[in-house]
Amino acid sequence: MASLYEYAVNAENKIDVDEKTVDSVYVGTKAVNDTIIALVREKYEKEKRHVLLGFDGYYCVDWDEILSSLKSQMQEAGIELNRIHINEVFLSKEEIAAYKRPFLEHDPDLGWENQEGRLEEIMNAEKVADLGDRLAALKEKKNDVPGVTVVYAPGACVEKLFDLYDYTFYFDMTKDPVMWNLWDNTLIPVGHYTPDPNYYWKELYYVDFHLLDNQKWFMLDRMDFYVEAVDPTQATLIAGDAYNTIIHRLLDYPIKQVKIFMPGAWGAYRFKQLWEVPGLDNSAWNNISSPKLDMIVDLGEKRIRLPGINLLQYGDRFVGKYWDERVPKWWPLLAAIDDGYFEDPDIPMERTAMPHHNHPSTDYARRHFNEQFGRYETYYIVEAYENSATMMGFKDDANLEEWQEKCRKAAENKECIPDWRDYIKIWPTAPGDLFLIPPGTTHGHGGRQMVLEMDTNVNSTTCEYSFFMHDYGRHTWNDTERTMTGKKCNLQCRHGFSMDMARRESWVKDHLRARPQVVKWTPEYSIEQYTTLPEMPFHIERIHFAKRAEYSTEGRFLHVVTLTVGTNVTIRSKSDPQRQTTVDFLQAAAIPADFGDYELINNTEGGCTLTLIRMKLG
């Protein structure tokens, strides 16, 4: 198995908010509990009755720790706490499994997205009504001493119960702990009280993420309080109005995220020379801007850690009105680093290269998986070392029927195709090269280079489609043993061959080897835009400068920018210079669509290049 490793250096988003908002943020579990106790006391003193609290939240929130801590402090305060797990109103495990089955069995390898799914759909309506009656009766109960009932866990505050609570809370969790629990088989799904040993990734990606996210959107617009519950012993509570103020203010700034690294079969070692990531032995993927990443919000003396996806509550500001209306709750663009440095330049590509794979178009992704968008990809070469290469397309004389048959046999036997180089075109690379990778293009990072991937996301639940057709028969990385002894890679030849556009090297040379063209030049800076294809939904651009440059989102385009040459650059608003951030080498920032005119300031000596992706339409 493999794990995720986080890197949070210079990841803080320092924002300026009013003192009232800062005072509405309560840091530390004791402060959180004291605040809840004060709310209960105030309500009791006014109405002398039982108080009802709704604790909704995401997967992997440690409810036992949170409620045990709260109960202990309430007992000290003379308040009796009763708890009701919302699981009691869910359908049986068998009925929930039947609900999920069509989404999971739609495709033998993959699945069908439950985009519109709601937790209410796997609840027993009669049990929900009965719980509502019980809560209403409790609310009428006059008490001689303060008493409180907490209904908790994902779905506690669904619409039919929401108005019964005196106060509603949303306990949030970032994506990484959810993935860690999934891989460790410790994730507790809705309808369960303990981990389900048969629970697997398709349930999370295709069904549960949507159930959870759709409940989150419902809660974020209505909750009384937001609770960051990543560490239950160090929780942070934010009043609902203050939370919305913070998110709105955050969208006034360029947004940085906590990077994640993941080792893998083709993982390499340039990261060791650039960053200190404890415990990471090699880096195959390094996400630097994505809906799956977290944000650290710095309010001065107080810090909050939030899932990046929460920005989509106000998608019109972040991605722009055009895309927010057409594909709601979608984070369209990502940036990632593919490390490819090996000290020995003669290590074979069977170790350094990605599998041979392609990606689905929007039409294919919607027809086969009910996805929001396709996977449109680029490789931008940041650094190239001896024998650097990108694999893309097939040789002009390659027999593709023969190739596909060899792939099928290799997939069945989990082995390498010895003469794979006779079919796949290998392109030597240099810094500044840009490869366009429209859907259906067989390709792969060949190693011996540092690649900045700038791509589209198919949705905002972290799902991604790479149809691997050949992976050299090698083992994957085992992060427990720190060796290449993991299971061999799962291949998707059926989808890969269905999507394959059979692009030959001559076509790749003429259409996918993009060239930069100057679109603006001044004595201070220049802006280049790479050539493109009609089916590619975004532009890739570069801004070169020595001291200063300027650009604009035009109030319409989300910009995801990465510093690919230089050490440290400030990105700041021209109209309000206090709205700024800094990025380091190979760090990205997402500049919200409504940010407007901005300038770039080089904080060190030497030239700088900021490489940028933005949608064409907006």
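For reference, positions follow the sequence shown, starting with 1. All heavy atoms count here, side chains included; hydrogens, waters and symmetry mates do not.
With Asp18 contributing its side chain and Lys20 its backbone, the two residues share a donor-acceptor pair below 3.5 Å. Checking side-chain atoms of Asn87 against main-chain N and O of Gly191 turns up a donor-acceptor pair under 3.5 Å. In this structure a side-chain-to-backbone donor-acceptor pair under 3.5 Å is missing from Trp331 to Gly315. In terms of modelled atom types and a separation under 3.5 Å, the side chain of Gln257 and the main chain of Ala11 share no donor-acceptor contact.
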### Task
Could you check Arg305 against Glu6 for salt bridge (Lys or Arg N to Asp or Glu O under 4.0 Å), going step by step and ending with a plain yes or no?
CA-CA 13 Å; Arg305 184 151 177 164; Glu6 297 180 339; 2.8 Å; yes
### Query
Going through the distances and angles, do Tyr165 and Asp56 end up as a side-chain hydrogen bond (donor to acceptor under 3.5 Å, both in side chains)?
CA-CA 11 Å; Tyr165 300 114; Asp56 210 320; over 6 Å; no
### Message
Evaluate Arg118 against Glu120 for salt bridge (Lys or Arg N to Asp or Glu O under 4.0 Å), listing each step before the verdict.
### Response
CA-CA 5 Å; Arg118 297 292 188 275; Glu120 291 95 322; 5.7 Å; no
#### Entry: Stepwise salt bridge (Lys or Arg N to Asp or Glu O under 4.0 Å) test for Arg579 and Asp16
CA-CA 8 Å; Arg579 295 159 48 200; Asp16 180 35; over 6 Å; no
### Message
Thr461 vs Asp213, test: side-chain hydrogen bond (donor to acceptor under 3.5 Å, both in side chains). Steps then yes/no.
### Response
CA-CA 8 Å; Thr461 66; Asp213 286 346; 5.9 Å; no
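Residues Ser290 and Asn287 have side chains that never bring a donor and an acceptor to within less than 3.5 angstrom of each other. In this structure, a donor-acceptor pair under 3.5 Å is absent between the side chains of Asp597 and Tyr551. Using a 3.5 Å distance cut-off with no hydrogens or angles, the side chains of Arg542 and Thr611 do not pair a donor with an acceptor. Under 3.5 Å, the side chains of Thr168 and Asp224 contain a donor-acceptor pair of N or O atoms. With hydrogens and angles left out, the side-chain atoms of Glu464 and Ser466 include a donor and acceptor closer than 3.5 Å. Residues Lys175 and Tyr59 bring no donor and acceptor atom of their side chains to less than 3.5 Å of each other. A donor and an acceptor atom, one from each side chain of Ser24 and Asp241, are nowhere located under 3.5 Å apart. Asn310 and Asp172 form a side-chain donor-acceptor contact under 3.5 Å, judged by distance and modelled atom types alone. Between His544 and Ser526, the side chains place no donor N or O within less than 3.5 Å of an acceptor N or O (distance only, hydrogens not considered). For the residue pair Asn214 and Gln115, no side-chain donor N or O sits within less than 3.5 Å of a side-chain acceptor on the partner.
Listed by chain and number, the residues in a salt bridge (charged side-chain N to carboxylate O under 4.0 Å, His left out) with Asp455 are Arg375 (sequence neighbours excluded). Every residue was checked against the side-chain contact (heavy atoms from CB on, under 4.5 Å) condition with Ala593, not counting sequence neighbours, and none meets it. Applying the ring pair (Phe, Tyr, Trp, His ring centres under 6.0 Å) test to Trp507 and every residue at least two apart in sequence or in another chain returns His511. Annotation: salt bridge (charged side-chain N to carboxylate O under 4.0 Å, His left out) contacts of Asp363 (sequence neighbours excluded): Arg367. Listed by chain and number, the residues in a salt bridge (charged side-chain N to carboxylate O under 4.0 Å, His left out) with Lys100 are Glu203, Asp208 (sequence neighbours excluded). Listed by chain and number, the residues in a salt bridge (charged side-chain N to carboxylate O under 4.0 Å, His left out) with Arg548 are Glu524, Glu550, Glu599 (sequence neighbours excluded). Tyr380 meets the ring pair (Phe, Tyr, Trp, His ring centres under 6.0 Å) test with no other residue; sequence neighbours excluded. Remark: Tyr253 engages no residue in a ring pair (Phe, Tyr, Trp, His ring centres under 6.0 Å) (not counting sequence neighbours). Every residue two or more places apart in sequence or in another chain that forms a side-chain contact (heavy atoms from CB on, under 4.5 Å) with Trp112 is listed here: Phe103, His106, Asn370. The ring pair (Phe, Tyr, Trp, His ring centres under 6.0 Å) search around His368 returns Tyr364, His495, not counting sequence neighbours.
In this structure, Trp201 and Tyr206 have side chains that are in contact, with non-hydrogen atoms separated by less than 4.5 Å. Residues Thr456 and Pro537 have side chains in contact (heavy-atom distance under 4.5 Å, counting atoms from C-beta outward). At a threshold of 4.5 Å between non-hydrogen side-chain atoms, the residues Pro438 and Arg503 count as touching. Between Ile246 and Ile238, some side-chain heavy-atom pair lies under the 4.5 Å cut-off.
Taking all atoms of both residues into account, the shortest heavy-atom contact from Asp23 to Lys302 is CA-NZ, 4.1 Å. Of all heavy-atom pairs between Thr562 and Ala335, the closest is OG1-CB, 4.0 Å. Nearest heavy atom pair, residue Pro189 against residue Tyr199, reads CG-CD1, 3.4 Å. When all heavy atoms of Met615 and Phe373 are compared, the pair lying nearest together is CE-CZ, 4.4 Å. Scanning both residues, Leu333 and Phe538, for their nearest heavy atoms gives CD2-CD2, 4.3 Å. In terms of heavy atoms, Pro254 sits closest to Ile591 at CB-CG1, 4.2 Å.
The pair Glu371-Arg366 does not count as a salt bridge, with every side-chain nitrogen at least 4.0 angstrom from each carboxylate oxygen. Between Asp107 and Arg494 a salt bridge is recorded (basic side-chain N to carboxylate O distance below 4.0 Å). A salt bridge links Arg303 to Glu12: one of the charged nitrogens lies within less than 4.0 Å of a carboxylate oxygen. The existence of a salt bridge linking Arg614 and Glu541 is confirmed by a sub-4.0 Å separation between a basic side-chain nitrogen and an acidic carboxylate oxygen.
Here the two rings, on Tyr314 and His248, have centers that are under 6.0 Å apart. For Tyr226 and Tyr243, the ring centers are positioned less than 6.0 Å apart.
The list of salt bridge (charged side-chain N to carboxylate O under 4.0 Å, His left out) pairs with a residue in residues 322-332, not counting sequence neighbours, is empty. Sorted by first then second residue, the salt bridge (charged side-chain N to carboxylate O under 4.0 Å, His left out) pairs that include residues 306-319, not counting sequence neighbours, are Asp252-Arg317, Arg317-Asp594.
The structure places CE of Met499 at 10.0 Å from OG1 of Thr442, a figure rounded to the nearest 0.5 Å. The line from CD1 of Ile296 to NZ of Lys256 is 9.5 Å long, rounded to the nearest 0.5 Å. Annotation: the span from Met295 atom CE to Thr174 atom OG1 amounts to 10.5 Å, rounded to 0.5 Å.
Classification of the Phe171-Phe55 ring pair by plane angle, with boundaries at 30° and 60°, yields tilted. Taking the six-membered ring where tryptophan is involved, the planes of Tyr7 and Phe261 are perpendicular, since the angle between them exceeds 60° and thus also 30°. The aromatic rings of His443 and His357 sit tilted relative to each other, their planes meeting at an angle between 30° and 60°.
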